[in-house]
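To find a chain, count down the sequence lines: A is the first, B the second, and so on, and within it residues start at 1.
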Number of protein chains: 2
Amino acid sequence: MLRVTAIGPSDEARVRRADRETSARAGDHRALRLWLRLLTCTQLLERHMRNLLRLRFGTTLPRFDLMSRLERYPEGLKMKELSHHLMVTGGNVTGIVDQLVRERLVERLPEPGDRRALRVRLTRAGDEAFGKMARAHEEWIVSVLSGLSRKEHAELFRLLAKVKSHALGITERKDGA
Amino acid sequence: MLRVTAIGPSDEARVRRADRETSARAGDHRALRLWLRLLTCTQLLERHMRNLLRLRFGTTLPRFDLMSRLERYPEGLKMKELSHHLMVTGGNVTGIVDQLVRERLVERLPEPGDRRALRVRLTRAGDEAFGKMARAHEEWIVSVLSGLSRKEHAELFRLLAKVKSHALGITERKDGA
DNA sequence: CTAGAATGCTTTAGGCTTAATCTATTCAAG
DNA sequence: CTTGAATAGATTAAGCCTAAAGCATTCTAG
């Protein structure tokens, strides 16, 4: 029941694949197809990264992201700041930091002027562990995106910026209609 | 500690936002920045959709996705096929179908020639419920992606296709190095 | 026919994520 | 100073998702 219509890679590839966006119907709106493709792409790459992080380093993407953020702030970040940077809820950050603290990769320090707040920082061990992972991670990303020319990279970057800023404009209105 | 260097929207927007990709350092590889932007964009849109589905219809994106897939196959799909289409594990599909069955939106039917397999199909109620949601969903998508011209849509679509096919080539190799 | 492999699905354990709620602390108005 | 609102973080309940293991059925060599 797969479409055999037009564009795309080899026949084998078309048959082998039947993911979320491949079989969008002809009548579907352009925007819908674009969204499905965006979603598929991201999931594909994200899954690839998750697998590699798990197999090579026994860690997960959220843990890696959090450490990656801390690595840019040697003085540490408050929980609130972390949750803002990572675009996740505070409760989520609490859980991930808990694990990393257990593994001695990050530490919670009191925030001098505010007894409510905590400052989270990479430990020395965390910094070292992150360094190794970051180098590998960047190689993986470069490799998985190497199908595009430098020019295409730039164009994709530009278009995504536009999507992002327009979406921000919409989602920041309190209701979404 | 935010970069105040170059491109981007207004100053307020730059300050207000501090998400995952905004503060990538100058030395980071192009590919890394592109990946972070792709991730941010997708998450932004995905979160928007999740919120709308929850607020307007009391449902979730995975449930919507599954029903959306079934809607294209009136004769139903086997669990295996569903998990392939949705790019998730079989166990995951089992759980989501369980819920939808409880809500009488889909039904499991025996597969005639194979007593191991099950065929999952929208019920009449499920089909009606999905119709309403799908119309709203498409409007939301069109709106959130309306910042791009028709030409830009096409270009983004093309570039993502390239990313996707290259990534598929890589992730299909058994190891990722 | 009959092992043994493969397949379709479910179950389990564990991690991620959210919204909502709670506690402690800080801030601001009177 | 005191009261009440706001803020920082943690906790809880529920859903999503995965990898791995398990069960039943089907297929395939011999």
The helix from dC1(C)-dG30(D) to dG30(C)-dC1(D): angle between end helix axes, five pairs per end, rounded to 10 degrees: 10°

Select base, sugar-phosphate, or nothing to describe what Arg119(B) touches, counting heavy atoms under 4.0 Å on all strands.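 Answer is nothing: Arg119(B) stays at 4.0 Å or more from every strand.
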
Expressed in angstrom and rounded to an integer, what is the separation of [X] atom [atom1] from [N] atom [atom2]?
X        : N      : atom1 : atom2 : answer
Asp98(B) : dC9(C) : CG    : P     : 13 Å
His84(B) : dG8(C) : NE2   : P     : 12 Å
Lys78(B) : dC9(C) : NZ    : P     : 7 Å
Lys80(B) : dA6(C) : NZ    : P     : 13 Å

Holding to side-chain contact (heavy atoms from CB on, under 4.5 Å), I want the full list of residues that pass it with Arg150(B), two or more places apart in sequence or in another chain.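 Once residues adjacent in sequence are excluded, the partners of Arg150(B) under the side-chain contact (heavy atoms from CB on, under 4.5 Å) criterion are Arg30(A).
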
Is [X] salt-bridged to [Y], cutoff N-O under 4.0 Å?
X         : Y         : value
Glu155(A) : Lys151(A) : no
Lys132(A) : Glu128(A) : no
Arg158(A) : Glu152(B) : yes

Reading nucleotides 16-28 of chain C from 5' to 3' and marking B where a protein heavy atom lies under 4.0 Å of the base, S where only the sugar-phosphate is that close, and - otherwise, the string is SSBS----BBS--

Identify, with sequence neighbours excluded, every residue that meets ring pair (Phe, Tyr, Trp, His ring centres under 6.0 Å) alongside His137(B). Phe64(B)

Checking the side chain of Arg33(A) only, and the main-chain atoms of Phe157(B) only, is there a donor and an acceptor separated by less than 3.5 Å? no

Is the backbone N or O of Lys78(B) less than 3.5 Å from a side-chain atom of Glu81(B), with the two atoms forming a donor-acceptor pair by type? yes

Does any non-hydrogen side-chain atom of Val88(A) lie less than 4.5 Å from one of Val93(A)?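 They are in contact (side-chain heavy atoms under 4.5 Å apart), so the answer is yes.
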
Nearest 0.5 Å, please: how far is CG in Leu160(B) from CG in Leu156(B)? 4.5 Å

Test of understanding: with salt bridge (Lys or Arg N to Asp or Glu O under 4.0 Å), list the residues that count as partners of Arg54(A), not counting sequence neighbours.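 If we apply the salt bridge (Lys or Arg N to Asp or Glu O under 4.0 Å) test to Arg54(A), skipping adjacent residues, there are no hits.
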
Under the side-chain contact (heavy atoms from CB on, under 4.5 Å) test against Leu105(B), which residue among Arg102(B), Glu107(B), Glu103(B) passes?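 Of Arg102(B), Glu107(B), Glu103(B), side-chain contact (heavy atoms from CB on, under 4.5 Å) with Leu105(B) is met by Glu103(B) alone.
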
Please identify the 5'-most and 3'-most nucleotides of DNA chain D with any atom under 4.0 angstrom from a heavy atom of chain A.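 The contact span of chain A on DNA chain D goes from dT7(D) to dA19(D).
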
